[in-house]
Amino acid sequence: MESELRGFNTKPSKTPQPDPTHDDASSRDDRPLLTSASNVLELEKKCAAYVRNDVYGAMGRGELLLMEKLQLGIAFVTLLPLRTILVMTVLVVYYLICRICTLFSVPNHGEGQEDYAHLGGWRRTVILRSGRFLSKTLLFLVGFYRINETHNGSKNSQENSKTAGTLQPDEPEQRPGAIVSNHISYLDVLYHMSSSFPSFVAKRSVANIPLVGLISKCLGCVYVQRESKSSDFKGVSGVVTDRVRKAHQDEYAPKILLFPEGTTTNGDYLISFKTGAFLARAPVVPVILKYPYQRFSPAWESVTGMRHVVFLLCQFVNHMEVTWLPVYYPSQLEKDDPKLYANNVRRLMASEGNLILSDIGLAEKRIYLATLNETNQRDGFTFLIEPKMTPFAVIL
């Protein structure tokens, strides 16, 4: 895991506040970080989309009641080791399946990518079906015994589809180019693997992780190297746009899932969308995820990766609700303006999922997490901003 606090400036900034009517999330995320608030409670009101409201509190370090401590202690010595062993067993089994299916096969190479998504025949069938089944198995093992899925025929989405023209089911234009989903936890990835087994956007270093690297290549992940400014790389938008367009035009191309928010929230909000998923001007499938909870929230907010995994595995039952909206066909006006397209899909998802719209982005999240870190340093605890990876989270 890496800290993103390098170069963080705690001195007051003279940078003007952003225009709340401007929806370009990527430009906001690149601006200088805002001033750290002296009062955490005041900052929580501004950054409500990132605040944990469960019994474990901010950073998972809240004061627990005696009964909660007893339940956590019992689960720690019984449920945690059992689930850990079972999860690792499933991971190894799937790795071996992927290793067998890719024997004597040469991976695709192009634009700095390497994957086995081009495999066909029995190899692809085994990778896909076993991947979906074992993903469902992992969800069950970590407490998601039942997932409530609904397919919502949104009136707004249906009306928008009509503006794009009359389409026949067998026409290429009918195929969506991407699945777009709100982002709450690394568990989102595991659900989508069990449902549609799409490709994802991942850090380039994931490809080199033991076990996980090969699995990610079989998924056809888009590897991103944000630090590189070399002209050899098309950049995130270029690679993603090509993948979306290909999935839209070729029924055999792997699906791609994108989280347009660019980071996680606590699940009650929908923050600004980036336009990467909409630049290809192809239809998309909006998906809304929710994690109802009573004790520990599966949302990955302000909690270090390992601590989050421990609390998650120590909770006997976890809940997930998924709403699939109809394919969203962009109008000509939306095709010509990706920002408008992204904003309209975002508003539709907020309306259908009863989510609160917020115009904050990653910059505000860094401020909030850095402030939490400062308030906890007196206890000798240093929080890593936006933990990217844990041995458990990366497989999900």
Side-chain angles (χ1 to χ4, degrees), residues 1-6 8 10 33-81 83-84 87 142-143 183-188 263-269 271 291-319 360 362-394 396:
M1 296 187 295
E2 301 177 9
S3 172
E4 294 185 23
L5 285 175
R6 296 176 183 175
F8 182 81
T10 58
L33 297 179
L34 307 176
T35 306
S36 293
S38 58
N39 190 319
V40 175
L41 293 179
E42 179 182 347
L43 187 59
E44 284 183 343
K45 296 179 181 179
K46 300 178 182 179
C47 301
Y50 308 126
V51 177
R52 295 192 66 85
N53 299 308
D54 61 7
V55 299
Y56 290 85
M59 304 176 77
R61 298 175 64 84
E63 188 64 32
L64 300 178
L65 298 176
L66 178 60
M67 183 58 66
E68 185 67 31
K69 291 180 179 179
L70 289 175
Q71 292 179 357
L72 184 61
I74 294 173
F76 187 84
V77 298
T78 58
L79 205 55
L80 177 62
R83 282 179 166 175
T84 300
V87 165
V142 299
H183 199 12
I184 303 173
S185 172
Y186 50 81
L187 296 162
D188 304 346
T263 188
T264 56
T265 67
N266 59 17
D268 296 326
Y269 290 77
I271 61 175
Y291 295 87
Y293 65 90
Q294 292 182 342
R295 296 167 54 224
F296 176 72
S297 169
W300 197 12
E301 292 304 323
S302 75
V303 181
T304 55
M306 191 57 64
R307 179 177 290 266
H308 189 282
V309 169
V310 170
F311 288 158
L312 180 73
L313 296 184
C314 286
Q315 186 159 259
F316 182 72
V317 179
N318 291 294
H319 302 278
I360 62 177
L362 183 57
E364 289 83 358
K365 184 174 188 175
R366 289 176 175 174
I367 296 297
Y368 174 60
L369 298 183
T371 303
L372 290 180
N373 180 47
E374 293 171 0
T375 60
N376 281 273
Q377 281 185 351
R378 63 175 178 268
D379 299 326
F381 175 73
T382 301
F383 178 66
L384 297 180
I385 291 297
E386 285 215 297
K388 298 295 183 182
M389 192 179 306
T390 69
F392 181 79
V394 74
L396 307 184

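No hydrogens, no waters, no symmetry mates; every other heavy atom, side chains included, goes into these values.
In this structure, the side chain to side chain donor-acceptor pair (under 3.5 Å) partners of Glu63, at least two apart in sequence or on a different chain, are Lys69. Under the side chain to side chain donor-acceptor pair (under 3.5 Å) criterion, Tyr269 pairs with no residue, sequence neighbours left out. In terms of the side chain to side chain contact (heavy atoms under 4.5 Å, CB included) criterion, residue partners of Glu68 (sequence neighbours excluded) are, by chain and number, Val55, Tyr56, Leu64, Gln71, Arg295. Contacts of Asp54 classified as side chain to side chain donor-acceptor pair (under 3.5 Å), with partners at least two apart in sequence or in another chain: Arg52. Take His183 and apply the side chain to side chain donor-acceptor pair (under 3.5 Å) test, not counting sequence neighbours, and it matches Asp188.
Lys365 places a side-chain N or O within donor-acceptor distance of the main-chain N or O of Thr264, the cut-off being under 3.5 Å. No donor-acceptor pair closer than 3.5 Å links the side chain of Glu301 to the backbone N or O of Val51.
Taking 4.5 Å as the limit, every side-chain heavy atom of Leu372 sits out of range of all side-chain heavy atoms of Leu43.
For the atom pair Asn266 CG and Cys47 SG, the distance stands at 11.0 Å (nearest 0.5 Å). Asn53 CG to Ser297 OG: the interatomic distance, rounded to the nearest 0.5 Å, is 8.0 Å. Atom OG1 of residue Thr84 and atom CG of residue Leu79 lie 9.0 Å apart, to the nearest 0.5 angstrom. Between the CD atom of Glu364 and the CZ atom of Arg366 there is a distance of 11.0 Å, given to the nearest 0.5 Å. We find the OG1-CH2 distance between Thr263 and Trp300 to be 9.5 Å, quoted to the nearest 0.5 Å. Distance check, rounded to the nearest 0.5 Å: OH of Tyr50 to OG1 of Thr265 gives 8.0 Å.
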Expected list for residues 308-316: side-chain donor-acceptor pairs under 3.5 angstrom, two or more places apart:
{"unit_1": "His308", "atom_1": "ND1", "unit_2": "Tyr186", "atom_2": "OH", "d": "2.8"}
{"unit_1": "His308", "atom_1": "NE2", "unit_2": "Pro298", "atom_2": "O", "d": "2.9"}
{"unit_1": "His308", "atom_1": "NE2", "unit_2": "Ala299", "atom_2": "O", "d": "3.3"}
{"unit_1": "Gln315", "atom_1": "OE1", "unit_2": "Phe296", "atom_2": "N", "d": "2.9"}
{"unit_1": "Gln315", "atom_1": "NE2", "unit_2": "Phe296", "atom_2": "O", "d": "3.1"}
{"unit_1": "Gln315", "atom_1": "NE2", "unit_2": "Asn318", "atom_2": "OD1", "d": "2.6"}

Next on the checklist: The test is side-chain contact (heavy atoms from CB on, under 4.5 Å); show your working for Phe76 and Leu72 and say whether it passes.
Outcome noted: CA-CA 6 Å; Phe76 187 84; Leu72 184 61; 5.5 Å; no
Item to check | Test side-chain contact (heavy atoms from CB on, under 4.5 Å) applied to His319 and Tyr293, step by step | outcome: CA-CA 7 Å; His319 302 278; Tyr293 65 90; over 6 Å; no
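Smallest separation of non-hydrogen atoms from Pro81 and Ala75: CD-O, 4.5 Å.
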